[in-house]
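Order of the sequence lines sets the chain letters (A, B, ...), proteins ahead of strands, with each chain counted from 1. All values reported here derive from a predicted model rather than from experimental measurement.
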Protein chains: 2
Amino acid sequence: MRAQRPNSREKILAAAADVARESGPGSLSLDAVASRAGVSKGGLLYNFPTKAKLMQGLVEGYLRDFEQALETASSNDNDKNPLAVYIRLSADDCEEKRPSASWIFSAIAEDPDFMTPIKTFRRQLFERLKGETSDLKSLLVCYLAIEGLRSMNLFDSDVLSKDERELLVASLLEIAGSSDAEQASATQS
Amino acid sequence: MRAQRPNSREKILAAAADVARESGPGSLSLDAVASRAGVSKGGLLYNFPTKAKLMQGLVEGYLRDFEQALETASSNDNDKNPLAVYIRLSADDCEEKRPSASWIFSAIAEDPDFMTPIKTFRRQLFERLKGETSDLKSLLVCYLAIEGLRSMNLFDSDVLSKDERELLVASLLEIAGSSDAEQASATQS
DNA sequence: TTGACAAGACCGTCCAGACGGTACAGTAAA
DNA sequence: TTTACTGTACCGTCTGGACGGTCTTGTCAA
């Protein structure tokens, strides 16, 4: 069956992400991942019969983690509107120093089709937010700004200072919140 | 006669961008670029002695074009505030279907350091906008949203419909414009 | 006008190395 | 015995790059 001793699988996936981050996305070779994971190349190929499967594993793990984080955030932050929850979650995500998903570049280089699951996931997420947000304009602005934050994090771009990031998030929450307030009670100058 | 003028340089650069876009960033090999440009590999290596130089050429051309576009846009759109000009320019950029700068992925895979010129350029641009915009919050939101738009364009992600894109741009211009109005009414120079 | 010649622009071929992947024998625990 | 690997050897392919040769153009003296 599946996951009996999935220790290696996770280790390999984490190692792949580490290699991509530290040695650059172009250096993500099977040998590098294997040695980084403390696993022989044979063992790697046993868990992931092909490099494409490795990439697929990375994508699936990424999506799974994202979905789970969204779910728990929705539960914990229940009192807020979904857009605000998403903003806060994404901002926290991007707060972490390491560009967690730079393996994406490797995946794209390998085969651009690896992006399609991520793209459809994003689209579904956006559609869901669209259904849960009253003001389309606020949603668009906030969603795109968060996308920009993600982009900068992915490219390891440090254009914004910490203060500016916080101010941005506050502004976005204000925008997201104002739409909520409009919906609840149209009382704001 | 064959075009022996530095014509070849531009042709090669364009060919490289085409190959990266059409065959995927991972297939950006010297042979592919050479054949696409209608140039032998030797000829390519003559113009760009190494693959790194090719990438550098792509980056420099990208930055040069961007700067020039910004300049002409500033001249033509003189009556508007700089942030609005930037928003409009970027939106137009992202509107074009064909030329994603997907060669960036190849460059990153080759060596992440190729991003540093682009990163410093972005930072300078942001600093300049910061100096020219009265309301930091508006700037942050608009700049990041545009960054998000760029990101989606780069990843060839079609989450937004055309109407939504237009609505987004209108909203951003509104946000940018309101800061301008504040500046105009509150402080006169 | 012509011929010689140097420099620039480009071609075609070859090569060492890295990579993904295969095959297979061995091993230690459950 | 099966599962989950390890370790090594190996193959075919692709890639960046080096190299020497070739064609074109500009220059200048005679």
Are OP1 or OP2 of D/dA4 and a side-chain N or O of A/N47 less than 4.0 angstrom apart?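 No.
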Tell me whether the OP1 or OP2 atom of C/dA9 has a side-chain N or O from B/Y46 closer than 4.0 Å.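 Yes, because at least one side-chain N or O of B/Y46 sits under 4.0 Å from OP1 or OP2 of C/dA9.
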Under 4.0 Å protein heavy-atom contacts per nucleotide of nucleotides 9-21 of chain D, with B for base, S for backbone only and - for none: ------SBB----
Spacing of [X] atom [atom1] relative to [N] atom [atom2], expressed in whole Å:
X     : N      : atom1 : atom2 : result
A/F48 : D/dC5  : CZ    : C1'   : 14 Å
A/L54 : C/dC19 : CG    : C1'   : 14 Å
B/L44 : C/dC11 : CG    : C1'   : 12 Å

I'd like to know if the side chain of A/R150 pairs up with that of A/S90 as donor and acceptor (distance under 3.5 Å, no hydrogens or angles considered).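 Indeed, the side chains of A/R150 and A/S90 share at least one donor-acceptor pair under 3.5 Å.
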Carefully, step by step, assess A/L30 and A/K51 under the rule side chain to side chain contact (heavy atoms under 4.5 Å, CB included). CA-CA 7 Å; A/L30 296 186; A/K51 194 180 186 183; 3.9 Å; yes
In this structure, is the centre-to-centre distance between the rings of A/F105 and A/F155 below 6.0 Å?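 Yes; A/F105 has its ring centre under 6.0 Å from that of A/F155.
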Short side-chain to backbone donor-acceptor contact, A/S75 and A/E71, under 3.5 Å: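 The answer is yes, because a donor-acceptor pair under 3.5 Å joins these two groups.
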Return a table of donor-acceptor pairs under 3.5 angstrom between the side chains of residues 111-121 of chain A and protein atoms on other chains or two or more places apart.
unit_1, atom_1, unit_2, atom_2, d
A/D111, OD1, A/D113, N, 3.0
A/T116, OG1, A/D113, O, 2.5
A/K119, NZ, B/D156, O, 3.2
A/T120, OG1, A/T116, O, 3.3
A/T120, OG1, A/P117, O, 2.9

Sequence-distant partners of A/S27, side chain to side chain contact (heavy atoms under 4.5 Å, CB included), two or more places apart: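 A/S27 satisfies side chain to side chain contact (heavy atoms under 4.5 Å, CB included) with A/S23 only.
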